[in-house]
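Encoded as structure tokens, the structure appears first; notes follow it.
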Amino acid sequence: MSNVLTDLLINRANNHAREGFLKVLDYETGDVEAITLALIEAASIPQALIKLNLNVAYPEGGTLNSAKVQSFQKGLQNAFQKTSFVEGYKADLDQFAQELWAYFENVCVAVERLES
């Protein structure tokens, strides 16, 4: 794979992780719907990682995995769906935030290893 393409894929994964971290922080400071945006960012990462021959998993024993997050993303297309997602998963949001944080951190670590 060319260096240019590799750099583009690394930047894409890093940008989604960066945005995801910010959304989780927004959630932690009271913007409950921000968690849906963090999930959308998380759902966008795997394609870039697959092209880089990386596979970053969610923490074992958690409630999230790549397939589940991508499934969630399909149901988060408009404001009503985002709001109803929050209402439907209220009990799980704190757990989702912890797992997403760990996932974004693992993505960053994996990409940093690739760069060195």
Side-chain angles (χ1 to χ4, degrees):
M1 180 181 305
S2 76
N3 289 338
V4 171
L5 182 53
T6 299
D7 287 347
L8 287 171
L9 292 168
I10 286 171
N11 286 339
R12 170 155 291 196
N14 276 333
N15 286 340
H16 286 300
R18 186 178 305 110
E19 285 300 310
F21 276 128
L22 291 174
K23 298 305 180 192
V24 172
L25 287 171
D26 289 345
Y27 165 74
E28 290 173 350
T29 58
D31 180 1
V32 179
E33 290 184 26
I35 200 73
T36 63
L37 300 175
L39 285 160
I40 290 170
E41 295 297 339
S44 303
I45 291 174
Q47 290 306 316
L49 295 182
I50 289 166
K51 287 178 172 39
L52 291 166
N53 293 319
L54 294 174
N55 180 21
V56 178
Y58 285 81
E60 282 190 36
T63 56
L64 297 179
N65 58 55
S66 293
K68 185 173 185 176
V69 170
Q70 289 187 326
S71 170
F72 281 158
Q73 182 193 32
K74 292 177 185 143
L76 298 173
Q77 302 300 319
N78 61 48
F80 172 75
Q81 290 170 321
K82 290 173 185 171
T83 303
S84 62
F85 174 86
V86 169
E87 291 168 359
Y89 287 95
K90 219 164 232 172
D92 302 304
L93 297 183
D94 288 340
Q95 181 67 27
F96 288 173
Q98 289 177 15
E99 291 179 38
L100 285 168
W101 187 272
Y103 178 73
F104 293 135
E105 188 167 7
N106 290 341
V107 167
C108 293
V109 169
V111 169
E112 285 170 9
R113 283 191 195 129
L114 188 67
E115 290 178 314
S116 58

Query raised in the report: Of all heavy-atom pairs between Thr36 and Val86, which one has the smallest distance, and what is that distance?
Result: CG2-CG2, 3.8 Å

Requested in this report: Tell me, yes or no, whether the heavy-atom count around Asn3 atom CG, taken from other residues, nucleotides or ligands under 6.0 Å, exceeds 12.
Outcome: no

Query raised in the report: For the side chain of Glu99 and the backbone of Tyr58, is there at least one donor-acceptor N/O pair under 3.5 Å apart?
Result: no

Report task. State, to 0.1 Å, how close Val69 and Ala42 come at their nearest heavy-atom pair, and which atoms those are. Result -> CG1-CB, 4.0 Å

Report summary line: Between the CG atom in Leu64 and the CZ atom in Phe96, the distance rounded to the nearest 0.5 Å is 5.0 Å

**Report entry** Contact summary for Val56 and Ser66, nearest pair of heavy atoms
**Finding:** O-OG, 4.5 Å

**Report entry** Leu100 to Ala38 - nearest heavy-atom pair and separation
**Finding:** CD1-CB, 3.9 Å

Report task. Calculate, to the nearest 0.5 Å, the distance between atoms CD1 and NE2 belonging to Ile40 and His16 respectively. Result -> 11.0 Å

Requested in this report: Hydrophobic side-chain clustering at under 4.5 Å (ILVMFWY, transitive links): who's grouped with Leu8? Put none if nobody.
Outcome: Val4

Query raised in the report: Are the side chain of Ser71 and the backbone of Ala67 linked by a donor-acceptor contact shorter than 3.5 Å?
Result: no

Report summary line: Output for pair (Asn11 CG, Thr6 OG1), nearest 0.5 Å, gives 10.5 Å

Query raised in the report: Which residues satisfy the side-chain contact (heavy atoms from CB on, under 4.5 Å) test with Leu5, sequence neighbours excluded?
Result: Met1, Ser2, Leu9

Requested in this report: Drop me the distance from Ile35's CD1 to Lys90's NZ, to the nearest 0.5 angstrom.
Outcome: 13.5 Å

**Report entry** Neighbour count above 12 (heavy atom, 6.0 Å) for Lys82 NZ
**Finding:** yes

**Report entry** Joint hydrophobic cluster, Val109 plus Ile10, side-chain heavy atoms closer than 4.5 Å
**Finding:** no

Report task. Evaluate the ring planes of Phe85 and Phe72, with Trp represented by its six-membered ring, and classify them as parallel (under 30°), tilted (30 to 60°) or perpendicular (over 60°). Result -> perpendicular

Requested in this report: Answer with yes or no whether the hydrophobic clustering places Leu25 together with Ile45; edges join I, L, V, M, F, W, Y residues whose side-chain heavy atoms lie under 4.5 Å apart.
Outcome: yes

Report task. Work out which heavy atom in Val111 is nearest to a heavy atom in Ala13; give both atom names and the distance. Result -> CG2-CB, 4.2 Å

Query raised in the report: Is the backbone of Lys68 close enough, under 3.5 Å, to the side chain of Asn65 for a donor and an acceptor to pair up by distance?
Result: yes

Requested in this report: Give the cluster check for Leu37 versus Leu93: same hydrophobic cluster or not, with ILVMFWY residues linked at side-chain heavy-atom distances below 4.5 Å.
Outcome: yes

Report summary line: Taking every heavy atom of Ala48 against every heavy atom of Arg12, the minimum-distance pair comes out as CB-CG, 4.2 Å

Query raised in the report: Should Val24 and Phe104 be marked as a side chain to side chain contact (heavy atoms under 4.5 Å, CB included) after you check the CA-CA gap, both sets of side-chain angles, and the distance that decides it?
Result: CA-CA 10 Å; Val24 172; Phe104 293 135; 4.2 Å; yes

Query raised in the report: Any side-chain heavy-atom pair from Phe21 and Glu41 closer than 4.5 angstrom?
Result: no

Query - Trp101-Leu22 co-clustered via ILVMFWY side chain contacts under 4.5 Å - result: no

**Report entry** From OG (Ser44) to CG (Leu49), nearest 0.5 Å
**Finding:** 11.0 Å

Requested in this report: Indicate yes or no for a side-chain donor-acceptor contact from Gln70 to the backbone of Ala43 under 3.5 Å, with no hydrogens or angles considered.
Outcome: yes

Query raised in the report: Can you tell me how far CG of Leu54 sits from CG of Asn106, rounded to the nearest 0.5 angstrom?
Result: 11.5 Å

